[in-house]
A.B. asks: 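Can you keep this structure in mind? I'll have questions shortly.
So that the names make sense, note that chain A is the first sequence line, chain B the second, and so on, each numbered from 1.
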2 protein chains.
Amino acid sequence: MVLPTYQAPVLMVDGVVLQLIDERLHVLLIQRANEPFRGMYALPGGYIVAGETTHFSLARILSQKADICVEKMAIIEQLYTFDTVARDPRGHAVSVTYMGLGYQLAFTGQPDAHNPRFVAVDELPELAYDHAEIIAYAHDRLKSKMNYTNVVFALLPKRFTLTQLQSAYEAILQRQLDKRNFRKKFLSLDTITPTNEYFRDGAHRPAQLYEFNVQRLANFAKDF
Amino acid sequence: MVLPTYQAPVLMVDGVVLQLIDERLHVLLIQRANEPFRGMYALPGGYIVAGETTHFSLARILSQKADICVEKMAIIEQLYTFDTVARDPRGHAVSVTYMGLGYQLAFTGQPDAHNPRFVAVDELPELAYDHAEIIAYAHDRLKSKMNYTNVVFALLPKRFTLTQLQSAYEAILQRQLDKRNFRKKFLSLDTITPTNEYFRDGAHRPAQLYEFNVQRLANFAKDF
DNA sequence: GCAAAAGTGTTCCAGATACACCCATGA
DNA sequence: TCATGGGTGTATCTGGAACACTTTTGC
């Protein structure tokens, strides 16, 4: 292959891995081991190697730096490519960013040098680089997708109650929804099916469990 | 700056420049001067140099290879980053793609070695690389944006008739719209304002001219 | 006066919103 | 029996879709 003779920007990938914990949206962060921004929290990310797709590079990096397995995520989707010259103080770095969504994502091994943890998106610490902007971008994208796709399936267990479903919507859209209208509308979308199982949890009526009809991203027939 | 010691993919940018010609959507193509795909039509694109944003690189490349000035376009927006390893037969090339929209975009100088021309998107020749896929992606994005933004302003002159506006929608959405409903709905969006001028054109009633309230991308208050 | 495009209203239906009480359970 | 969260229906309003004729002009 012919290499360009001039100097190219460095190509990187960063991942915004989101999940719901205690009915709040959390994002995966690592603590930077080196300068710049040493000690600060940042999105997991790293260099792309020729022959690796950006998606594959991200999987490798998430596994190495954040101890998180991409296979466990239900959706990974490319977000945007951030390329401002000043975003990395070391030099021009172009970063392809991804959003990953999952349920009960857990660290597979021992505590790691990068100290990965999930942090609530409404309580973020100061972040390295332009990573706060990238997380906001991911959150916005997710908010939009909640309105016209079944993306929420990626954040819930296989079986869930309507209350859980509504709570996921409320956590991500950051506003309260009317229970009766929510149920009526969602059931009219033909996206979920009731099972014969019930979830018992404390001194109150048990909740019926539902399943998604498809476990991959699809658009609603109509808007949500 | 510390360069990575491994080999990185080549970073490129490609532009999907769209405009309406004779009420049909056209895309800017150039003819490849070199292998691979020599002689075939392709999107204008090229290498990104460190210190240039992808947006700036695109402006340079469009000017050099396609004789088109980015300043004349009303909107340029990043689309997606294509990165499959096999998309370039010479080796791994990651391409950041943009969509540019304008009105009466014209070549500034003499016919060029790259033979740039605007081709109707529904009559594309066979294209180099994955460029047909990229154009389809841009068209899809544009279709969506027509429904919830004023993006159509970028494809029309400053003053336009409602018939022109509707024709732009029909060309891009690829379906017929009802004239009365279209006008009623668009006027209710508070996005355009009538002027006192009329457009006379042949043996029929003249058409009132309208202007966009804002000449930058904005979301409709409600859906279209 | 005729050909051609501009312009205009009403009816009907579906989906959105607002809103309050009974049900099933465990302690 | 009581505290807790699960589950349900109606009335109203708004926006979307379907649909055909009159107006203004140039020739």
A.B. asks: So, is Lys185(B) near the phosphate of dG15(D), with a side-chain N or O under 4.0 Å from OP1 or OP2?
C.D. replies: no
A.B. asks: Would you check if Leu105(A) and Leu28(A) make a side-chain contact, meaning some heavy-atom pair closer than 4.5 Å?
C.D. replies: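 Contact flag for Leu105(A)/Leu28(A) side chains = no.
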A.B. asks: What is the distance, to the nearest angstrom, from the CZ atom on Phe199(A) to the P atom on dT4(D)?
C.D. replies: 18 Å
A.B. asks: Hey, can you tell me if His131(B) and Tyr129(B) have their rings parallel, tilted or perpendicular (30° and 60° cut-offs)?
C.D. replies: tilted
A.B. asks: Step by step, work out the side chain to side chain contact (heavy atoms under 4.5 Å, CB included) result for Leu165(A) and Phe186(A).
C.D. replies: CA-CA 10 Å; Leu165(A) 184 66; Phe186(A) 216 97; 3.7 Å; yes
A.B. asks: What string of B, S and - do you get for nucleotides 5-12 of chain D, 5' to 3', if B is base contact, S is sugar-phosphate-only contact and - is no contact with any protein heavy atom under 4.0 Å?
C.D. replies: BBBBBB--
A.B. asks: Under 3.5 Å, is there a donor-acceptor pair between the side chain of Glu211(A) and the main chain of Thr193(A)?
C.D. replies: no
A.B. asks: Please give, in whole Å, the distance from dG15(C) P to Leu189(A) CG?
C.D. replies: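 Atom CG in Leu189(A) sits about 10 Å away from atom P in dG15(C).
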A.B. asks: Determine yes or no for a side-chain-to-main-chain donor-acceptor pair under 3.5 angstrom, with Glu126(A) supplying the side chain and Met40(A) the backbone.
C.D. replies: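 No, because the side chain of Glu126(A) does not come within donor-acceptor range (under 3.5 Å) of the backbone of Met40(A).
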A.B. asks: Can you tell me the distance, in whole Å, between the CZ atom of Phe182(B) and the C1' atom of dC19(D)?
C.D. replies: 18 Å
A.B. asks: Classify the ring geometry between Phe182(A) and Tyr169(A) as parallel (under 30°), tilted (30 to 60°) or perpendicular (over 60°).
C.D. replies: perpendicular
